[in-house]
Enquirer: 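Take a look at the following structure, please.
The analysis underlying the following values was restricted to heavy atoms, covering all of them including side chains, and did not include hydrogens, waters or symmetry mates. All ligand and atom numbering here is 1-based and tracks the order in the structure.
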Amino acid sequence: MDKQTNLENAQARIAEASDQAVLADLERELLGKDGLLGQQLKEIPSLPPPERGPAGRAANELKAALTAGLLARAAELAEADLAADREGVGFDATLPAPPVERGSLHPITKVTRRLVQIFSSMGYHILDGPEVELDWYNFEALNIPADHPARDSQDTFYCGEEGRLVLRTHTSPVQVRAMERMTPPFRLVCPGKVFRHENTDATHEHTFHQMEGLVVGKDISVGHLVGTMKTLLRGIFGKEIDVRLRPGHFPFVEPGFELDARCVFCESGCRVCKGTRWIELLPCGLVHPKVLEAAGIDPSEWSGFAFGLGLSRLVMLSHGIDDVRHLLGGDLRFLEQFSC
Ligand code: FA5
């Protein structure tokens with residue numbers, strides 16, 4: 001059979017295809033390796049060289065003709081299906097529409113947005129920084145040299161050559177990047193994802209969220225820090241909440257503190273505050289002069305405070321979630337509880 005007849009036969013079969021499944025089989029048969037086109041392509045290498053060019057062009061034309069025929073028939077069948085639906089039982093314009101599934105914001109996104117709102121209203125810049133960070137910004141510039149024991153408390157994912165790159169273990173490196181670029185006075189917060197090589201449990205994830213805060217200005221004191229934290233808590237919980245400071249050690253702040261907030265869930269001790277009436281909220285302190293210096297800011301002229309809020313922990317607290325692993329576990333049944 002000559003090539004023209006082959007093409008005509010194929011076009012006739014396409015025109016007769018009774019539904020999309022038959023058409024799909026036909027497409028495989030005609031355009032596949034052993035089909036009409038495949039056969040024609042296979043013959044080309046065995047042809048005398050002067051005939052190969054024209055044979056290649058003919059194969060391309062065949063492919064274009066078959067593809068056009070298949071597409072046209074697919075469109076006809078789709079139109080016919082639609083028409084049948086309109087006439088038959090498949091379509092009833094009076095039926096109520098199926099419910100639309102609504103997505104929702106992740107609770108971490110919601111609390112982040114709320115915090116951004118609170119801090120923007122106090123004139124803070126909102127910054128972002130890289131999740132894959134240089135060792136310098138994550139540790140060295142924060143007064144944590146290579147042999148410092150504080151590195152052990154933030155189990156690190158090292159990546160890149162010679163351990164120069166890490167997945168940031170906290171949002172504090174954004175502080176340093178910001179101080180390098182900005183001229184004091186300034187205030188900023190930087191929410192984001194951080195990573196630690198943790199043995200995970202109900203309160204420890206390998207990937208979680210923090211929000212760093214930094215204020216640099218003249219005569220910044222612990223009083224400014226406490227006042228700002230109380231404003232933050234008022235914004236989140238909608239009422240005045242007492243806070244207290246305990247000594248804490250972080251090489252990039254001096255003095256360093258752990259800030260606790262009065263339990264918002266009870267009057268006399270509960271599961272969340274473990275009966276103490278205080279909830280451990282965030283580490284903070286006055287920026288260490290060496291950190292200011294490393295970023296090119298004169299510590300004899302400027303001072304500042306910094307804090308590192310665990311966002312995952314805050315979401316757990318405000319929603320009574322008992323396991324941090326639910327947050328990024330991807331279980332929609334968990335997340336659907338927060339839709340609104
Ligand atoms: C820091 O990461 C310091 N960069 C915070 C800081 C900033 C101190 C500025 C002083 C000044 P720490 O390792 O304690 O500190 O972590 C801060 C918060 O992150 C903790 O209070 C906790 O809420 C949260 N966090 C720490 N590890 C995990 C974890 N594995 N899973 C979930 N949340 C965690």
Side-chain angles (χ1 to χ4, degrees), residues 107-108 111-112 115 127 129 131 133 137-144 148-157 166-179 187-216 220 222 224-226 228-229 232 236 243 245-261 272 278-292 295 303-318 321-329:
I108 299 242
V111 87
T112 306
L115 288 165
L127 299 189
E131 289 175 358
E133 185 54 282
Y137 287 108
N138 197 77
F139 292 124
E140 295 269 346
L142 288 165
N143 200 21
I144 314 178
H148 197 288
R151 288 206 180 200
D152 297 344
S153 65
Q154 299 194 355
D155 290 330
T156 310
F157 289 110
V166 298
L167 295 188
R168 66 178 178 187
T169 55
H170 49 175
T171 40
S172 299
V174 192
Q175 272 192 36
V176 186
R177 288 180 173 277
M179 282 193 271
R187 40 192 132 169
L188 55 97
V189 286
C190 16
K193 216 183 269 171
V194 302
F195 311 86
R196 293 189 193 175
H197 192 260
E198 299 272 15
N199 281 328
T200 57
D201 61 26
T203 51
H204 294 88
E205 250 297 24
H206 49 71
T207 303
F208 57 100
H209 291 74
Q210 287 188 342
M211 187 181 77
E212 194 76 6
L214 173 70
V215 171
V216 175
I220 296 293
V222 175
H224 293 114
L225 168 64
V226 170
T228 308
M229 295 302 104
L232 179 163
I236 294 288
V243 298
L245 295 176
R246 288 177 291 116
H249 179 71
F250 299 90
F252 36 98
V253 285
E254 183 56 40
F257 306 105
E258 291 286 350
L259 183 136
D260 299 336
V272 181
W278 291 102
I279 294 175
E280 195 178 313
L281 192 68
L282 54 84
C284 52
L286 296 186
V287 183
H288 198 293
K290 279 192 180 171
V291 175
L292 292 170
S303 53
F305 71 73
F307 60 88
L309 177 62
L311 288 183
S312 311
R313 198 79 39 99
L314 186 63
V315 169
M316 288 171 75
L317 270 181
S318 44
I321 298 166
D322 59 3
D323 193 324
V324 67
R325 292 168 294 189
H326 289 313
L327 288 175
L328 298 184

Enquirer: Would you indicate whether the side-chain heavy atoms of S312 and I108 approach each other to under 4.5 Å?
Expert: yes
Enquirer: Counting only heavy atoms closer than 4.0 Å, does ligand 1 sit against the backbone of Q210, its side chain, both, or neither?
Expert: side chain
Enquirer: Could you give the distance from CG (L327) to CD1 (I321), rounded to the nearest 0.5 Å?
Expert: 5.0 Å
Enquirer: What protein heavy atom is closest to atom 21 (O) of ligand 1, reported as residue, atom name and distance in Å?
Expert: P283 CD, 3.6 Å
Enquirer: Where does E280 meet ligand 1, judged by heavy-atom distances below 4.0 Å: at the side chain, the backbone, both, or neither?
Expert: neither
Enquirer: Of the backbone atoms (N, CA, C, O) and the side-chain heavy atoms from C-beta on, which set of V194 has a member under 4.0 Å from an atom of ligand 1: side chain, backbone, both, or neither?
Expert: neither
Enquirer: Just which atoms of ligand 1 are under 4.0 Å from any heavy atom in F252?
Expert: 3 (C), 4 (N), 6 (C), 7 (C), 8 (C), 9 (C), 10 (C), 11 (C)
Enquirer: Evaluate the side-chain proximity of F307 to M211: yes if any heavy-atom separation is below 4.5 Å, no if none is.
Expert: yes
Enquirer: Is E258 close to ligand 1, meaning an N/O of one under 3.5 Å from an N/O of the other?
Expert: no
Enquirer: Which residue and non-hydrogen atom of the protein lie closest to atom 32 (C) of ligand 1, and at what distance in Å?
Expert: F208 CG, 3.4 Å
Enquirer: Provide, to 0.1 Å, the distance between atom 15 (O) of ligand 1 and the closest protein heavy atom, together with that atom's residue and name.
Expert: F250 CE2, 3.5 Å
Enquirer: Please confirm whether the backbone N or O of I220 pairs with a side-chain atom of S303, one donor and one acceptor, at under 3.5 Å?
Expert: yes
Enquirer: Would the number of heavy atoms belonging to other residues, nucleotides or ligands and lying under 6.0 Å from CG of D201 be above 12?
Expert: yes
Enquirer: Report yes if the side chains of V324 and M316 come closer than 4.5 Å at any heavy-atom pair, otherwise no.
Expert: yes
Enquirer: Polar contacts were defined as any N/O atom of the residue lying under 3.5 Å from an N/O atom of the ligand; does this apply to E205 and ligand 1?
Expert: yes
Enquirer: Report the part of E198 in contact with ligand 1, treating N, CA, C, O as backbone and CB onward as side chain, heavy atoms under 4.0 Å; options are side chain, backbone, both, neither.
Expert: side chain
Enquirer: Considering the heavy atoms of V253, write down every atom of ligand 1 situated less than 4.0 Å from one of them.
Expert: 11 (C)
Enquirer: Decide whether the shortest distance between a heavy atom of T203 and an atom of ligand 1 is less than 4.0 Å.
Expert: yes
Enquirer: Which ligand 1 atoms are under 4.0 Å away from a heavy-atom of E212?
Expert: 7 (C), 9 (C)
Enquirer: Just one of R177, H170, Q175 clears the side-chain contact (heavy atoms from CB on, under 4.5 Å) bar with P173, so which one?
Expert: H170
Enquirer: Are H288 and F252 close enough that their ring centres sit under 6.0 Å apart?
Expert: no
Enquirer: Does any N or O in the side chain of H206 come within less than 3.5 Å of the main-chain N or O of F195, such that one atom is a donor and the other an acceptor?
Expert: no
Enquirer: Under 4.0 Å, heavy-atom basis, I'd like to know which part of S172 is in contact with ligand 1: side chain, backbone, both or neither.
Expert: side chain
Enquirer: Look only at the side chain of R196 and the backbone of T169, and say whether a donor-acceptor pair between them is shorter than 3.5 Å.
Expert: yes
Enquirer: For a 4.5 angstrom cut-off between non-hydrogen side-chain atoms, does T228 reach V215?
Expert: no
Enquirer: Between the main-chain N or O of N138 and the side-chain N or O of R168, is there a donor-acceptor pair closer than 3.5 Å?
Expert: no
Enquirer: Considering only heavy atoms of A306, which atoms of ligand 1 have at least one such atom less than 4.0 Å away?
Expert: 9 (C), 11 (C)
Enquirer: By number and element, which atoms of ligand 1 are closer than 4.0 Å to a non-hydrogen atom of F307?
Expert: 7 (C), 9 (C)
Enquirer: Only heavy atoms count here, so choose which of H170, M211, R168 is nearest to atom 4 (N) of ligand 1.
Expert: H170
Enquirer: Which residue holds the protein heavy atom closest to atom 22 (C) of ligand 1, what is that atom called, and what is the gap in Å?
Expert: R313 NH1, 3.6 Å
Enquirer: Under 4.0 Å from atom 8 (C) of ligand 1, can you find at least one protein heavy atom?
Expert: yes
Enquirer: Could you measure the distance from the CZ atom of R313 to the OG1 atom of T203? Nearest 0.5 Å is fine.
Expert: 5.5 Å
Enquirer: Tell me, please: is C284 in heavy-atom contact with ligand 1, that is, under 4.0 Å?
Expert: yes
Enquirer: Could you tell me whether some N/O pair between R196 and ligand 1 is separated by less than 3.5 angstrom?
Expert: yes
